[in-house]
J.: 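Before we start, here is the structure in question, set down as structure tokens.
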Amino acid sequence: QDGFAVSDADTSDEPYVGQEFDSEAAAHAFYNSYATRVGFIIRVSKLSRSRRDGSAIGRALVCNKEGFRMPDKREKIVRQRVETRVGCRAMILVRRVSSGKWMVTKFVKEHTHPLTPGRSRRDCIYDQYPVSSCCPDILQLLFFYSICYSLFFGS
């Protein structure tokens with residue numbers, strides 16, 4: 001098969017179509033926990049809003065390797081970004097239903113890349129970026145601090 005499936009031992013609490021959550025945040029937390037256990041990182045993708053009042057009614061949560069990055073349109077690229085997206089299709093789609101709960105309406109389990117079960121989010125992020133042969137420990141430490149800074153200060 002093309003996809004990298006998850007073994008049955010790792011899927012005791014995997015998402016399924018029809019699964020309900022009390023809120024969008026609860027669905028996000030559940031999928032994030034599942035992703036961490038299975039060995040990938042998620043990101044928030046599409047948002048659907050109600051035409052009536054503008055409230056959120058649907059959300060796609062995807063593998064962070066989903067799709068492909070759009071080409072940079074700036075004339076001068078200061079720093080070339082490492083390509084981290086490989087066209088993975090793994091995701092869940094949750095929609096708010098009439099009861100006010102959020103329901104999984106689509107679940108794609110298969111990934112197009114290897115998974116790293118049991119690895120922390122930080123370790124998964126490290127795997128996406130090449131480490132220079134020159135002073136790798138210092139570079140990893142600097143990268144770690146830059147990730148922490150962006151998580152805490154939103155930069």
Side-chain angles (χ1 to χ4, degrees), residues 2-7 10-74 77-130 140 142-155:
D2 293 335
F4 288 83
V6 180
S7 71
D10 295 325
T11 60
S12 57
D13 291 322
E14 75 178 22
Y16 58 90
V17 173
Q19 185 175 15
E20 289 189 342
F21 299 94
D22 290 331
S23 65
E24 178 187 354
H28 186 280
F30 175 84
Y31 194 54
N32 193 45
S33 174
Y34 166 76
T36 300
R37 196 170 55 255
V38 170
F40 67 101
I41 301 169
I42 68 168
R43 66 182 169 82
V44 175
S45 183
K46 298 179 177 124
L47 168 68
S48 300
R49 292 191 177 274
S50 166
R51 290 184 191 163
R52 188 177 327 139
D53 61 7
S55 64
I57 58 170
R59 176 73 77 178
L61 303 170
V62 300
C63 173
N64 77 323
K65 294 179 183 253
E66 180 267 346
F68 296 96
R69 184 177 289 122
M70 298 296 291
D72 197 328
K73 295 181 181 177
R74 295 177 293 184
I77 300 173
V78 176
R79 188 182 83 216
Q80 186 67 40
R81 299 179 83 184
V82 175
E83 184 56 61
T84 57
R85 299 198 188 170
V86 296
C88 185
R89 300 184 64 88
M91 57 93 75
I92 65 168
L93 181 62
V94 292
R95 296 198 58 84
R96 192 176 66 205
V97 293
S98 58
S99 67
K101 293 194 181 256
W102 287 73
M103 180 184 293
V104 176
T105 58
K106 182 176 182 180
F107 172 51
V108 178
K109 177 178 174 179
E110 293 76 27
H111 293 261
T112 60
H113 55 90
L115 301 173
T116 53
R119 309 252 343 253
S120 71
R121 177 179 169 86
R122 188 190 74 204
D123 291 339
C124 290
I125 291 171
Y126 277 150
D127 289 347
Q128 295 178 6
Y129 296 91
Q140 277 193 319
L142 288 172
F143 181 70
F144 173 73
Y145 284 123
S146 69
I147 292 288
C148 290
Y149 183 85
S150 65
L151 288 173
F152 289 107
F153 299 108
S155 177

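Below, all heavy atoms of this structure are taken into account, side chains as well, without hydrogens, waters or symmetry copies.
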J.: Just wondering, do Glu14 and Phe107 contact through their side chains at under 4.5 Å, heavy atoms?
T.: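 A side-chain contact under 4.5 Å exists here.
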
J.: Would you give the length of the straight line joining atom CD1 of Ile57 to atom CH2 of Trp102, rounded to the nearest 0.5 angstrom?
T.: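 Going from CD1 on Ile57 over to CH2 on Trp102, the span is 8.0 Å.
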
J.: Among all residues two or more places apart in sequence or in another chain, which pass the side chain to side chain donor-acceptor pair (under 3.5 Å) test with Glu24?
T.: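 Partners of Glu24 under the side chain to side chain donor-acceptor pair (under 3.5 Å) test: Arg59.
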
J.: Is the side chain of Thr36 donor-acceptor paired with the backbone N or O of Asn32 at a distance under 3.5 Å, no angle test?
T.: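 Yes; judged by distance alone, with no hydrogens or angles, the pair exists.
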
J.: Got Val17 and Thr105 here, is their nearest side-chain heavy-atom distance under 4.5 Å?
T.: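 With C-beta onward as the side chain, the pair stays apart.
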
J.: With sequence neighbours left out, write down each residue that passes side chain to side chain contact (heavy atoms under 4.5 Å, CB included) with Lys101, or none if nothing qualifies.
T.: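 Side chain to side chain contact (heavy atoms under 4.5 Å, CB included) check on Lys101 returns Glu20, Asp22, Val97, Ser99.
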
J.: Can you tell me how far apart NZ (Lys109) and OH (Tyr34) are? Round to the nearest 0.5 Å.
T.: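 Rounded to the nearest 0.5 Å, the NZ-OH separation comes out at 6.0 Å.
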
J.: As a quick check of understanding, evaluate side chain to side chain contact (heavy atoms under 4.5 Å, CB included) for Leu93 and Val104, giving each step before the final call.
T.: CA-CA 6 Å; Leu93 181 62; Val104 176; over 6 Å; no

J.: Hey, is the main chain of Ser48 close enough, under 3.5 Å, to the side chain of Arg95 for a donor-acceptor pair?
T.: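 Pair absent, no side-chain N/O of Arg95 close to backbone of Ser48.
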
J.: Nearest heavy-atom pair of Ala56 and Leu47: which atoms, and what distance?
T.: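 Heavy-atom minimum between the residues: CB-CD1, 3.6 Å.
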
J.: Please examine the side chains of Ile42 and His28, heavy atoms only from C-beta on, and report whether any two atoms are closer than 4.5 Å.
T.: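 Side-chain contact under 4.5 Å: yes.
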
J.: Quick one, Gln19 and Ile92 - any side-chain contact, counting heavy atoms below 4.5 Å?
T.: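 A side-chain contact is absent here, since even the closest heavy-atom pair is not under 4.5 Å.
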
J.: Which heavy-atom pair separates Cys88 from Thr112 by the least distance, and what is that distance?
T.: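 Looks like CA-OG1, 3.3 Å.
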
J.: Can you measure from CE (Met91) to OH (Tyr31) and round to the nearest 0.5 angstrom?
T.: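 Separation between the atoms: 8.0 Å.
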
J.: Could you tell me which non-hydrogen atom of Cys63 sits nearest to which non-hydrogen atom of Arg43, and how far apart they are?
T.: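 Looking at all heavy atoms of both residues, the shortest contact is O-NE, 4.0 Å.
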
J.: Would you please name every residue forming a side chain to side chain donor-acceptor pair (under 3.5 Å) with Ser55, sequence neighbours left out?
T.: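 Testing Ser55 for side chain to side chain donor-acceptor pair (under 3.5 Å), a comparison that skips the adjacent residues, returns Asp53, Arg96.
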
